[in-house]
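Since the structure comes first, as structure tokens, the remarks are kept for the end.
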Amino acid sequence: MSEKPTKHTKVLIIGSGPAGYTAAVYAARAMLKPMLVAGMQPGGQLTITTDVENYPGFADVIQGPWLMEQMREQARAVGTDLVEDHIQSVNLKSKPFEAIGDGGQKYTADSIIISTGAQARWLNIDSEEKFKGFGVSACATCDGFFFKDKTVAVVGGGNAAVEEAMFLTKFASKVQLIHRRNELRAEKLLQKKLMENKKIEIIWDSVVEEVIGDEEPKNVKGLKIKNVNSNKVTELKIDGLFIAIGHDPATALFKDQLEMDNTGYLITKSDSTETNIPGVYAAGDVKDKIYRQAVTAAGMGCMAALEAEKYLASN
């Protein structure tokens, strides 16, 4: 089998979500002929989000997957080379930079924009894995609708967990918020709203030990939860479980090459998307754990492309 010829580009964009696609649009319009490698989940987290009401420019509710399709087609229309591949290793010490795809395809680039995003964090227990998609979810906006007039539980204690719990009260008859501490991390205003909601009950100092359910057809029936102080295990009758314990950025690829914080988010210079290596930029959820919105990711994608353009012009 002969080796595939190396593909070279001025701008290699790794990852495809609002950040990657927007970077591609700006880089392509600057005549840089960018190449975007889409990764395992083209379109990123928005492809598992249904109703999007907060992306500017749309008076009616739009669908996440549709928005990503539109961004992808826009990137293509202005001249982006869209590649279906997944980058499995990079060498940022070489000049030009190097990246290798899953099938061994080699890419070289004069600049790189990293927009690999983040993924929801799971509890990592076997029974959770077993019922994923059958009553266990990490996205209330995607799956809340299926639990009309049912009882659901949410695990977590931050803003996301509180927001998910409140969102789920639109559908569920009862929502139980399970938190391993005795106080929430969520901002005070959200906590106040939560406490005022009659449909929500908080179960403090507790962790999920096991998800219980039927095999055929597969569905969730309940939980075993353990009180962390008394170690007492109790059973909870529920129809659905939502995990909201945070996100992990997809940055394993750049370990020991780029500066990250202690949770793995890429660090960029102030008011910039530049990483500690000139010519390498990071945009979207891969570097942003505060806002994590489609519109802020898109904004950073724009910044990264403009910075890459300036970098290439001066080199």
Side-chain angles (χ1 to χ4, degrees), residues 39-51 63-65 117-181 184-186 194 197 199-228 230-250 252 285 292:
M40 302 264 232
Q41 190 185 16
Q45 293 179 85
L46 267 186
T47 57
I48 54 165
T49 308
T50 46
D51 293 358
Q63 300 297 302
Q119 286 101 23
R121 201 176 287 156
W122 296 92
L123 299 173
N124 292 327
I125 52 177
D126 292 342
S127 54
E128 168 195 62
E129 188 61 46
K130 184 170 151 188
F131 290 106
K132 255 186 213 177
F134 296 95
V136 173
S137 167
C139 178
T141 43
C142 319
D143 301 322
F145 180 77
F146 303 118
F147 298 94
K148 216 166 165 30
D149 303 325
K150 294 188 170 175
T151 303
V152 296
V154 177
V155 179
N159 284 357
V162 171
E163 280 165 2
E164 302 257 282
M166 292 196 310
F167 175 81
L168 287 163
T169 59
K170 286 194 210 176
F171 310 102
S173 53
K174 186 180 182 187
V175 178
Q176 293 173 310
L177 182 67
I178 302 166
H179 187 44
R180 61 183 177 194
R181 298 194 181 87
L184 300 170
R185 296 188 311 277
L194 180 87
N197 195 315
K199 278 187 171 184
I200 299 173
E201 176 199 348
I202 304 176
I203 301 173
W204 301 107
D205 299 316
S206 297
V207 292
V208 174
E209 288 271 282
E210 195 188 336
V211 183
I212 307 162
D214 290 337
E215 291 291 332
E216 281 300 318
K218 227 187 235 194
N219 68 330
V220 171
K221 283 289 181 68
L223 297 176
K224 281 186 183 171
I225 57 169
K226 183 173 88 171
N227 183 294
V228 293
S230 66
N231 283 335
K232 191 177 168 218
V233 176
T234 48
E235 274 194 30
L236 213 56
K237 263 191 158 67
I238 57 148
D239 304 294
L241 174 66
F242 290 85
I243 314 294
I245 54 174
H247 288 74
D248 289 315
D285 284 15
R292 292 216 317 270

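Quick note: numbers below take in every heavy atom, side chains included, and nothing from hydrogens, waters or symmetry partners.
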For residues [X] and [Y], determine if any side-chain heavy atom of one lies less than 4.5 Å from a side-chain heavy atom of the other.
X: F242; Y: V152; result: yes
X: L194; Y: L184; result: yes
X: I203; Y: L236; result: yes
X: Q45; Y: R292; result: no
X: T151; Y: K237; result: no

Rounded to the nearest 0.5 Å, what's the gap from [atom1] on [X] to [atom2] on [Y]? Could you check?
X: I245; Y: W122; atom1: CD1; atom2: CH2; result: 9.5 Å
X: L177; Y: I200; atom1: CG; atom2: CD1; result: 7.5 Å
X: K232; Y: I225; atom1: NZ; atom2: CD1; result: 10.0 Å
X: D149; Y: D239; atom1: CG; atom2: CG; result: 10.5 Å
X: F171; Y: F145; atom1: CZ; atom2: CZ; result: 7.0 Å
X: M166; Y: N197; atom1: CE; atom2: CG; result: 7.5 Å

Using every non-hydrogen atom in the two residues, find where [X] and [Y] come nearest and quote the distance to one decimal.
X: I178; Y: S206; answer: CG2-O, 3.5 Å
X: D143; Y: S137; answer: OD2-OG, 2.7 Å
X: A250; Y: Q119; answer: CB-NE2, 4.0 Å
X: N219; Y: F131; answer: O-CE2, 3.7 Å
X: A244; Y: A160; answer: CB-C, 4.2 Å
X: N231; Y: V228; answer: OD1-O, 4.1 Å

Assess whether a salt bridge exists between E209 and K224, defined as any Lys/Arg side-chain N lying under 4.0 Å from an Asp/Glu carboxylate O. no
Of all pairs that satisfy salt bridge (charged side-chain N to carboxylate O under 4.0 Å, His left out), the ones with a partner from residues 118-134, not counting sequence neighbours: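 Only R121-D248, E129-K132, K130-E215 qualify under salt bridge (charged side-chain N to carboxylate O under 4.0 Å, His left out).
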Mind running side chain to side chain contact (heavy atoms under 4.5 Å, CB included) on I125 and E210 for me, showing each step along the way? CA-CA 7 Å; I125 52 177; E210 195 188 336; 5.6 Å; no
Counting N and O atoms only, with roles assigned by atom type, does the side chain of K199 sit under 3.5 Å from a partner on the main chain of T169, one being a donor and the other an acceptor? yes
Under the criterion side chain to side chain contact (heavy atoms under 4.5 Å, CB included), I'd like the reasoning laid out for L223 against V211: C-alpha separation, chi angles, the key distance, then a yes or no. CA-CA 5 Å; L223 297 176; V211 183; 4.0 Å; yes
